[in-house]
Peer 1: 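Before we start, here is the structure in question, set down as structure tokens.
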Amino acid sequence: MNYRVEQHPDHHRLRHITIDADAAAAFVREVADLSEQRLTYVPYLRLIAADHLQNIVGGDFAEHINALVRDRATGGFTVAVEGGFETMDQRVAFGTAVSHAIGIPNFDDMTGNYYACFEVKDTDKSDSYLRQAYRLFTLHTDGTYVREHTDWILMMKMAEHDAVGGESRLLHLDDWEALEHFASHPLASLPLIYQSPPSKNYPVKVEKTTFYEQDGKACVCFIDQFVYPETIEQGRYLRDLSDSMEASQGVVSLHLPPDHLVVLNNHFWLHGREAFEKNPNLYRLLMRQRGYFRKERS
Ligand SMILES: [Fe+2]
């Protein structure tokens, strides 16, 4: 077995997985012909990348990470490789191998691909908080405005320099003091309209309830920017919910060094981002993938 699983130093619910240097080097050799472009053009090669990782890392790696991301008590993990990577192709192949050990990413309409890489810099002219460095990116779930299921999200730090602050902020629903209050509220199960701004390239309105149940446990669907309540009462409910989450003692900052990735269950984990400290040279490149759990079929 070429990996180890430990308690995450920043969060009691997360695990941190380290893949050793020999296995990392072997993976890089195996995926040398799987460029970013080939993985984009040929979907089955993404599963071949996952197969290489499983064969090289060995043990029950795939079973282990699948169990972690589905487990309500945990629902997430980070992964690092000893020695890191040298090229963007290697990083994309690694993130793709991990995501495809779990499921299949949804088509990302913002980029027209199965993943998105986006930059955060000193200046930004976009139409959502995603790339705005100097303001708090409030806690939310992903995939609120799409029709597809978004069971999990993967974020990988591809590059970074001159960045202080901007850490991920995470909240597990079961660490939120007010979960019971908001999840049992009469508006919790009311379908609300979600619609994204033009940059997402997804000109569709969908209806989602703020809370729903899986295995008898409350799950959440929420992002402040894309939900369109229709009454003052609904607006107050969403404002109070967001304010309560932001003030929760359960919110934890997660430090994600370059080449590390984090996978979270999107049904009961919320994520956001701290503001960065002002720096004209600020640069971060993040890859995201989000998708559904594979139904096991032969
Ligand atoms: Fe997000």
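Along the sequence shown, residues are numbered consecutively beginning with 1. Indexing begins at 1, ligand by ligand and atom by atom, following the structure's order. Here the structure is a predicted model, which is why all the values come from computation and not from measurement.
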Peer 1: Looking just at side-chain N and O atoms, do Ser99 and Tyr115 make a donor-acceptor pair shorter than 3.5 Å?
Peer 2: no
Peer 1: So, for His185 and Tyr237, is the gap between ring centers shorter than 6.0 Å?
Peer 2: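 Yes, ring centres under 6.0 Å apart.
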Peer 1: Give a yes-or-no answer on whether the side chains of Tyr283 and Glu119 include a donor-acceptor pair shorter than 3.5 Å.
Peer 2: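 Yes, side-chain donor-acceptor contact under 3.5 Å.
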Peer 1: How about Ser248 and Glu177: does a side-chain donor come under 3.5 Å of a side-chain acceptor?
Peer 2: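 Yes.
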Peer 1: What residues, two or more places apart in sequence or in another chain, satisfy side chain to side chain contact (heavy atoms under 4.5 Å, CB included) together with Gln225?
Peer 2: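 Gln225 satisfies side chain to side chain contact (heavy atoms under 4.5 Å, CB included) with Ser128, Tyr129, Phe137, Ile223 only.
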Peer 1: Quick one about Asn281 and His161 (side-chain donor to acceptor, distance below 3.5 Å, no hydrogens or angles considered), yes or no?
Peer 2: no
Peer 1: Around the Fe ion (ligand 1), what protein N, O or S atoms are found below 2.8 Å?
Peer 2: His140 NE2, Asp142 OD1, His271 NE2
